[in-house]
Each structure stands twice: as structure tokens, then as C-alpha cells.
Amino acid sequence: MNFFAGLLLLMMPEENAFWTLVGIIDDYFDGYYTEEMIESQVDQLVFEELMRERFPKLGSSHLDYLGVQVTWLSAPWFFFIFINILPWESVLRIWDVILFEGNRVMLFRTALALIELYGPALVTTKDAGDAITLLQSLAGSTFDSSQLVLTSCMGFLSVTNAKLYELSEKYRPDVLLIVEERTKTGRQVWKDSKGLASKLYNFKHDHESLMEERKSAKGSADGDASKSEPRSSYLEELLSSLSADSEVDSLPDLQDRVGWMKVELFRLLEEKRAAVLRAEELETALVELVKEDNRRELSAKIEELEQEVLDLRQGLADKKEQEAAVHKVLMQLEQEQLITEDARKHAEQDAAEERNAVIVLQEKYEKAMASIALMEDRVAMAESILEATMQSEPGLTKVPSPPQTQLDSARRKVEGLLSFGLKWRDKSKGKSEESNSSTQDRENPGHG
């Protein structure tokens with residue numbers, strides 16, 4: 001009960017812890033922590049039936065093949081209510097459910113949940129020691145309390161208080177009968193399925209009476225017949241169960257054997273007790289090592305995640321810088337494109353103005369040529385008229401005609417002006433085409 005007291009003292013003052021301990025033992029686990037432990041034995045039989053019903057392959061086949069009794073696995077769970085069996089968080093959550101519901105249903109459900117979680121690993125064991133050690137180590141590493149409670153409460157809804165009461169009423173008469181027989185006989189061997197283990201268990205309780213009988217048998221030669229006969233029959237039954245080939249020749253020889261066996265038995269029991277205490281210490285140390293290892297792994301994982309976060313932030317900053325540089329380049333390209341577009345528009349306007357000017361010059365040239373042709377026609381007509389007049393009137397003096405050089409010079413001026421206008425038009429057209437090609441090269445740099 002020191003485990004219960006230690007748990008309660010962590011949660012409340014001493015007086016409250018004491019009365020809580022009294023309430024738990026008297027109300028929730030009445031009959032568990034008594035001399036006969038009747039309710040504890042009944043619950044072990046109930047749990048064995050539930051486990052064999054839910055896990056027939058494990059309970060009826062594998063454990064029987066290994067020679068493992070279910071009580072070897074479940075008795076520590078029920079006695080300690082999983083304290084010092086499961087991790088601390090899991091223990092507290094299971095206790096919360098037990099105290100909230102006010103019965104022992106959660107005790108059975110949690111035990112069945114552990115069998116379900118670690119049954120596949122338990123099936124792979126080859127002997128009883130490996131099975132017990134494996135299940136204890138796996139139960140001590142059940143750190144996922146949410147999964148355990150969920151499996152217990154949702155996976156075994158058929159385990160109710162009414163069903164447990166029905167099974168308890170089924171097995172309680174057998175347990176009471178065995179306890180009553182042990183009480184009446186005192187030294188009679190409890191014959192049940194345990195066999196040799198039960199007989200050796202009874203040796204422990206009858207130690208003082210057997211030692212006194214041995215001393216009295218050595219001190220008096222005749223002895224007490226009323227005491228020696230039942231003791232002799234008891235020892236004969238025990239020795240016959242221990243060795244089928246042993247033969248008892250005389251009473252003193254039998255008593256010597258019994259004394260030697262008791263000494264060896266108690267020595268083995270003390271060694272077993274020391275080994276159990278050592279195993280509990282090693283288990284506690286292993287749990288602490290596992291917790292420390294989990295803390296280290298968690299710290300390493302946290303550092304790794306922090307490094308990944310820093311790398312992601314650095315990558316995000318680099319990406320933002322690249323996006324800013326690309327945006328800046330795009331802005332510059334857009335500005336250059338706008339400038340080029342404005343230049344192209346101005347060039348097109350200048351070309352249009354130059355074309356209009358060339359058209360005007362061409363029209364003026366055509367008009368001038370028409371005027372020159374008209375003047376030539378008039379000169380020819382005037383000359384013909386003058387000749388005719390001179391022929392009709394011989395005394396008139398011939399008026400000289402305008403020199404041909406003047407006409408030629410006027411014609412050359414007009415032609416030079418027209419050729420200059422045409423050259424200016426061609427030159428303006430070439431500049432416009434160059435500006436358009438440079439604009440296209442800027443807009444499509446990949447086509448170069």
C-alpha cells in the first residue's frame with residue numbers, strides 16, 4: 001500500500017491522502033488486501049475467463065503451451081492498480097477513470113487492452129520467462145496514454161459491471177470453499193491446478209509448526225503419535241508429489257528430508273525475494289533510462305526541427321530577394337519598352353509629316369512642269385505667230401525668242417528641287433524602318 005500512499009501524497013495533504021486511501025481500499029477494492037485475499041483471487045479467475053474468451057489463441061494455446069498461468073501476468077497489475085507497472089501519465093489517467101466510475105471495470109479493461117496491444121509480441125516468445133519479461137518491459141513502455149485509454153474504454157465495452165458481478169458470483173463459491181478447507185485442515189495441501197507450486201506455497205505458511213514438530217521429534221524418542229501420524233501422511237504425500245520414484249523407509253529419514261527441503265526452500269524463497277526486489281529496481285532504472293533516452297531523442301528532434309525552420313526561413317528570405325530583383329528588372333524593361341514605344345510613335349509621326357511634305361513637293365513639281373509645258377506651248381505658238389507676221393509684213397524686225405538656256409535653267413531648278421524632295425523622303429523612310437527594327441529587337445531579344 002506504500003505505492004498508493006506515495007501516489008496520493010503527491011496530489012493532496014497527508015490527512016486527505018490517508019482517508020482517500022481508506023476509501024479506495026474499503027469501497028473500491030474491498031476484500032483485496034485481507035489475509036485470505038478472496039476478492040483478489042476471484043478477480044484473477046474472472047480475468048482469466050475474459051482473456052481466454054477474447055483471445056483464445058493466446059490464452060488457450062500459446063500460454064498453456066509455455067506453462068504460463070494468467071495470474072502470473074495479471075496479479076501484479078491488479079494488486080498495484082498498475083502503479084510501478086505503467087508510465088506515470090498512463091497510471092494517472094487509469095486512476096481517473098477508476099475513481100470516476102466507482103468500480104473495478106476499468107481495471108479489467110486496461111488489463112485486456114494491454115493483452116491486445118502486446119499479444120502479437122507475446123505469441124513470439126519461446127518459454128515462460130521470456131513471456132513474462134517481455135510483457136513487463138512492454139507494459140512499462142506504454143507512454144501513449146491516450147491510445148491505452150481509448151483501447152480500454154472503446155475496445156472492451158462488453159466488459160461491464162454487471163458481467164463482472166455475474167462472473168464473480170460464479171467463481172466466489174469455489175474460492176470460499178478452498179479457503180474454508182484450508183482453514184479447517186490448517187496443514188492440508190491446497191490441491192488445485194497449481195500442483196507443486198501450491199504445495200511449496202503451503203510450506204511457507206506452515207514453517208513454524210513444521211520446525212517445532214521437527215524439534216519435538218528429535219527431543220523425544222517415543223514422540224507424540226497423535227501428531228506424527230497426520231504429519232507423516234502429509235509429508236509422504238508431499239514427497240510422493242515431488243518425486244514419483246522416492247520411497248519412504250522410516251519416519252526419521254523422512255523428517256530429515258523434510259527439514260532439508262524446508263531449509264533449501266526458504267533459502268530459495270529468500271533468493272527469489274531478493275531477485276524480485278532487484279528486478280523491480282532494475283525495472284525502475286530501465287524506465288528512467290527509457291525516459292531519459294526519450295527526452296534526448298525529443299531534444300534532438302526539436303533541434304533538428306528548429307534547424308529546418310531556420311533553413312526554411314533563410315530560403316524564404318532568399319526567394320523574396322530574388323523576386324525583388326526580378327521585379328526590378330521587369331520594371332526597368334517596362335520603362336525601356338515605354339521609352340521605345342514613345343520613340344517609335346514620334347518616328348512614325350515624323351515619317352508621316354515627311355511623306356506629306358514629299359507629296360506636297362511632288363504636287364508642286366507637277367504643277368511647275370505643267371506650267372513649263374504650257375509656257376513652251378505658248379512660246380511655240382508665239383514663235384509661229386511671229387513668223388507668220390514677219391512673212392506677211394517683211395519690213396518688221398524679228399523679235400528674238402527667249403533664250404533656251406533660261407528655260408533649261410528653270411527646268412533644272414525644278415528637277416533638282418524634286419530630286420532633293422525624293423531623297424529626303426527615302427532618307428526619312430530608312431530612318432523610320434531602322435527605328436521600327438530596333439523596337440522589335442528590344443521587344444523580342446530571343447529572335448536575334
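Residues: numbered from 1 along the sequence shown.
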- To the nearest 0.5 Å, tell me how far Phe18 CZ sits from Glu14 CD. 11.5 Å

- Query: Do other residues, nucleotides or ligands put more than 12 heavy atoms under 6.0 Å from Glu169 CD?
  - Reply: yes

- Task: Using atom types as modelled and distance alone, determine if a side-chain donor or acceptor of Arg109 lies under 3.5 Å from a backbone N or O of Val159.
- Result: yes

- Nearest heavy-atom neighbours spanning Met11 and Leu7: CG-O, 3.4 Å

- Check step by step if salt bridge (charged side-chain N to carboxylate O under 4.0 Å, His left out) holds for Lys301 and Glu297. CA-CA 6 Å; Lys301 188 66 176 177; Glu297 291 182 358; over 6 Å; no

- Query: Which pair of non-hydrogen atoms, one from Glu116 and one from Phe55, has the smallest distance, and what is that distance?
  - Reply: CB-CZ, 3.6 Å

- Message: I want to know whether Trp95 and Phe4 have ring centres closer than 6.0 Å.
- Response: yes

- Determine the minimum heavy-atom distance between Ser158 and Lys163, stating which atoms define it. O-CD, 3.6 Å

- Message: Would Val91 and Ile85 count as a side-chain contact (heavy atoms from CB on, under 4.5 Å) here? Give the steps.
- Response: CA-CA 8 Å; Val91 172; Ile85 304 295; over 6 Å; no

- Item | Result of checking Phe82, Phe80, Tyr33 against Phe3 for ring-ring contact (aromatic ring centres under 6.0 Å, His included) | Phe80

- Would Glu166 and Lys170 pass as an ion pair if we require N to O under 4.0 Å? no

- Message: Can you tell whether the side chains of Lys367 and Glu363 come within less than 4.0 Å, N to carboxylate O?
- Response: no

- Which value, rounded to the nearest 0.5 Å, describes the distance between Leu167 atom CG and Leu45 atom CG? 10.5 Å

- Measure from the side-chain N and O atoms of Gln44 to the backbone N and O of Phe78, and report whether any donor-acceptor pair falls under 3.5 Å. no

- Message: Tell me whether the count of non-hydrogen atoms from other residues, nucleotides or ligands lying under 6.0 Å of CD in Glu308 goes above 12.
- Response: yes

- Message: Quick one, His327 with Met331, criterion side-chain contact (heavy atoms from CB on, under 4.5 Å). Give me CA distance, side-chain angles, the key distance, then yes/no.
- Response: CA-CA 6 Å; His327 182 69; Met331 292 294 294; 3.9 Å; yes

- Tell me yes or no: between the side chains of Thr151 and Gln147, is some donor less than 3.5 Å from an acceptor? yes

- Can Gln322 and Asp318 be counted as having a side-chain donor-acceptor contact under 3.5 angstrom? no

- Task: Test Trp77 against every option in Leu86, Leu114, Ile83 by the side chain to side chain contact (heavy atoms under 4.5 Å, CB included) rule and name the one that passes.
- Result: Leu114

- Item | Thr125 side chain to Leu134 backbone, donor-acceptor under 3.5 Å | no

